[in-house]
Amino acid sequence: MSQNQISISLPDGAVRQVPYGTTPFEIAHSISPRLAAASVVARITPVGAASHALTDNEDSPEAAMYSAVSASAPRLVDLSTPLSEDAKLELITEKDPEALKVVRHSAAHVMATAVLELYPETKLGHGPATDSGFFYDFYREKPFTPEDLTAIEAKMAEVIARDEKFERIHEPREQALAEFEKDGDFMKTHFVTKFTEPGSEVSFYKNGHFTDFCRGPHVPSTARVKAVKVTNLAGAYWLGDEKNPQLQRIYGTAFFSKKDLDEHFARLEEAARRDHRLLGKQLDLFSIQELAGPGLIFWHPKGAIIRKIMEDWMRDECLRRGYQLVYTPHVMRAGLWEVSGHTGVYAKNMFTPMELDDSEYRLKPMNCPGHILIYKDSPKSYRDLPARYAEFGNVYRYERSGTMQGLLRVRGFTQDDAHIFCTPGQVESEVAACIDFAEAVLKTFGFNEFKIELSSWDPNDRAHYLGGDDNWNLAIGSLEKVLKEKGIAYKTIPGEAAFYGPKIDIKLVDALGRLWQLSTVQFDFNLPARFELEYVGEDGERHQPVMVHRALFGSVERFFGVLIEHYAGAFPLWLAPVQIGLVPIAERHAAYAEKLEAELKAAGFRVESDVRNEKMNAKIRDFANLKTPYILVFGDKEQEAGAVSVRTRGKGDQGSMPLADFIAKAKNLVATQSTEL
RNA sequence: GCCGACGUAGCUCAGCUGGUAGAGCAACUGAUUCGUAAUCAGUAGGUCACCGGUUCAAUUCCGGUCGUCGGCUCCA
């Protein structure tokens with residue numbers, strides 16, 4: 001690198017020689033003033049550096065926010081950063097997705113500025129951008145009220161109108177720490193201590209009179225935060241630990257235009273419209289009863305029929321794939337849960353014991369011990385393996401009172417659970433088969449996008465896991481091997497394993513892009529050892545089998561909830577609780593309605609006939625509101641011709657056709673589990 | 001469990017600063033017999049989540065309990 005000149009290469013391949021200390025803004029301006037105005041930040045990649053792409057940071061988000069990145073990696077910098085080395089430069093404009101995170105982070109600073117102006121006694125936590133906006137954590141004796149939020153938003157508008165420059169400044173670490181300590185800024189003290197090295201300079205951002213410990217980058221000035229909204233207020237534990245004091249977390253979101261902001265809220269409304277709790281009530285699918293208790297699901301007839309179809313499909317598919325069906329009790333002696341290890345590491349998730357005669361019983365939180373007892377009931381040879389036991393098992397887990405959420409988080413649920421007992425040599429093919437099965441399930445039910453995670457243990461937290469290093473490393477290794485051999489992209493998440501072994505979790509993306517954990521395939525070497533499971537091998541010796549736990553719907557309740565939202569309640573024909581609504585035009589067509597109903601039912605359809613003394617339009621409307629796939633309307637003409645007039649959901653009146661033709665078409669759609677109508 | 005908000009007819013919601021409640025839809029009854037998203041009229045329906053307190057008087061104010069919602073934590 002020369003002393004006075006550095007060379008900056010641009011995305012179009014042009015290379016510019018500029019004086020040392022030139023800023024990205026100056027370069028942008030020299031290209032075009034318009035570009036300079038549209039730019040938000042710059043990405044620089046020092047030349048000569050290994051050019052590895054930015055990856056998901058494995059550090060904590062906080063660390064990612066504050067710590068210095070390696071000098072060779074591409075990084076986002078302020079437009080006002082003086083460039084000091086040869087580098088590739090990209091100007092990030094408002095159109096680039098990275099820019100959104102930057103403006104949201106800047107919006108968090110604007111919010112903190114407003115909060116301190118209004119409530120100077122407040123202590124600052126941290127304020128990162130999130131996927132959908134940003135938040136800032138504050139500590140204050142008196143909680144904020146919704147009125148405070150309104151005031152904060154108004155004050156933010158002032159801060160933005162003042163058009164304060166975001167300036168990066170540096171200060172010796174020890175001086176910064178001393179100031180924070182003097183002011184009682186315990187959270188900032190923590191962050192500086194944790195994320196910076198002794199003796200270093202730490203970075204701050206200043207806008208107007210507000211200064212915050214921050215790594216940046218930021219938009220050039222507060223006026224660039226053009227569309228911002230404070231959304232809600234929630235508690236959050238300091239450092240995520242419930243033993244710590246609770247902070248006030250204020251959420252908001254920001255965009256570069258009012259239009260984008262409005263679209264964001266329109267999307268949220270769309271999500272709210274699809275909320276399974278709302279649709280569950282509107283479509284009369286399920287309920288939760290206060291008298292019975294929270295987190296316990298009542299499946300109403302219309303929901304129960306969908307569940308029946310799901311279960312039938314799954315049981316048939318299990319049998320096709322070499323599983324055997326079993327049933328096990330809901331309560332079992334406490335001793336069983338001692339052997340399994342549940343009372344040791346899982347007790348806090350279990351319902352409290354009940355006394356019966358002279359022993360203690362426990363409601364089951366998992367199905368595995370039951371299946372193990374079936375396995376153990378008779379001697380097994382290698383010829384019996386793999387033994388695949390499947391059950392729709394109702395399990396009960398204690399969830400803390402604030403955590404329940406409709407069907408998605410409950411205290412009693414049904415797992416489509418199976419346990420595969422196999423030889424160590426069979427594990428990998430069994431796991432691979434489970435993954436294939438899981439993909440088949442998701443595709444059948446209409447989900448085409450999903451993500452796979454390998455949930456591994458946290459070796460620093462052994463108290464939460466059974467078994468030692470060797471077994472864990474072996475198990476994790478074999479799961480990885482299967483994923484790699486199948487060419488499946490996955491992400492490893494430490495600390496997410498079950499207490500008895502690592503697992504492959506399949507998270508699926510619903511229609512609104514939200515991620516839900518459903519299917520899980522888990523490796524277990526612990527329970528076979530605890531229950532002293534055996535099989536006699538080809539060599540005549542006794543061996544210990546390994547177990548694969550797997551649930552593909554995961555929880556039938558949760559899967560159903562996601563399914564409702566995925567289809568916004570408009571289920572495909574094969575799943576729809578009422579597939580066909582019959583609408584006789586006048587009372588004199590009631591007999592024809594009966595005849596149609598009988599024929600359609602005989603053909604295997606779920607049919608409802610509306611013979612109320614109502615106008616045809618009212619009947620159509622009612623069926624349409626229930627998202628009935630087909631509404632068959634008929635009067636004199638159809639009656640005479642043995643036909644029906646077909647009204648298809650989403651398409652409207654399709655005209656008249658012979659009943660037999662309609663039946664043939666609909667039967668085919670059901671048989672193929674089609675999502676089309 | 002914690003922080004904040006909320007809880008009025010089956011559903012969606014009104015009900016100003018305390019004087020024991022109202023609408024629309026749904027339900028029921030009657031009239032109407034109708035060609036692709038709401039026919040008209042009438043009737044009935046609520047210990048204002050529950051318990052306690054303040055008050056002459058509480059749906060309204062206060063406290064507690066239960067539940068719901070948004071987060072935190074946790075999790076299928």
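- Using a 4.0 Å heavy-atom cutoff across all strands shown, A:Asp636 reaches at least one base atom of the nucleic acid.
- OP1 or OP2 of B:C3 has not a single side-chain nitrogen or oxygen of A:Arg249 nearer than 4.0 Å.
- Phosphate proximity of B:C34 to A:Arg588: present, with a side-chain N or O under 4.0 Å from OP1 or OP2.
- Contacts of A:Ala551 with the nucleic acid, taken as non-hydrogen atoms under 4.0 Å apart, are absent.
- Among the atoms of the strands shown, none is found under 4.0 Å from any heavy atom of A:Val583.
- Of the two residues near RNA chain B, A:Gly402 and A:Arg647, the one whose nearest nucleotide lies more 5' is A:Gly402.
- For CD of A:Gln289, the number of neighbouring non-hydrogen atoms (other residues, nucleotides, ligands) closer than 6.0 Å is greater than 12.
- The base of B:C2 sits with one of its N or O atoms less than 3.5 Å from a complementary donor or acceptor on the side chain of A:Gln246.
- Between the P atom of B:C3 and the CG atom of A:Asp137 lies a distance of 16 Å, rounded to the nearest Å.
- For B:G1, one of the phosphate oxygens OP1 or OP2 lies less than 4.0 angstrom from a side-chain nitrogen or oxygen of A:Ser401.
- Across all strands shown, A:Phe553 has no heavy atoms under 4.0 Å from either base or sugar-phosphate atoms.
- Spacing of C1' atoms, B:A26 relative to B:U20, comes out at 27 Å, to the nearest Å.
- Annotation: B:A58 and B:A21 have their P atoms spaced 12 Å apart (nearest Å).
- Counting distance only, with no hydrogens placed and no angle test, the side-chain atoms of A:Gln522 and the base atoms of B:A76 include no donor-acceptor pair under 3.5 Å.
- Taking atom C1' on both nucleotides, B:A14 is separated from B:C50 by 24 Å, rounded to a whole Å.
- Put simply, the side chain of A:Arg277 and the base of B:U68 share no donor and acceptor less than 3.5 Å apart.
- Among the heavy atoms of the strands lying under 4.0 Å from A:Glu638 is at least one base atom, whether or not backbone atoms are also near.
- Proximity of A:Asn232 to the phosphate of B:G70: no side-chain N or O atom is located under 4.0 Å from OP1 or OP2.
- Counting only N and O atoms by type, the side chains of A:Thr343 and A:Arg362 include no donor and acceptor under 3.5 Å apart.
- Residues A:Ser287 and A:His300 have side chains that bring a donor and an acceptor to within less than 3.5 angstrom of each other.
- Listed pair A:Lys348 / B:G1 fails the phosphate criterion, with no side-chain N or O lying under 4.0 Å from OP1 or OP2.
- For B:G1, its base never sits under 3.5 Å from the side chain of A:Tyr398 at any donor and acceptor pair.
- Toward the 5' end of RNA chain B, the nearer of the two residues A:Asn625 and A:Lys503, judged by each one's closest nucleotide, is A:Asn625.
- Remark: the separation of the C1' atoms in B:U54 and B:U12 is 34 Å, to the nearest Å.
- Of the candidates B:G35, B:G71, B:C3, the closest approach to any side-chain atom of A:Pro143 belongs to B:C3.
- Residue ring and nucleobase are not stacked for A:Phe144 and B:G4 under a centre distance beneath 5.5 angstrom and an angle between planes beneath 30°.
- Across B:G46 and B:A9, the matching C1' atoms stand 5 Å from one another, rounded to whole Å.
- Screening A:Lys123, A:Lys188, A:Arg249 against A:Asp137 for a salt bridge (charged side-chain N to carboxylate O under 4.0 Å, His left out) leaves a single residue, A:Arg249.
- Of all nucleotides listed (B:A37, B:A76, B:C72), B:A37 comes nearest to the side chain of A:Asn617.
- Within 4.0 Å (heavy atoms only), A:Gln282 reaches no atom of the nucleic acid at all.
- Residue contacts for A:Glu557: at a heavy-atom cut-off of 4.0 Å it reaches no nucleic acid atom on any strand shown.
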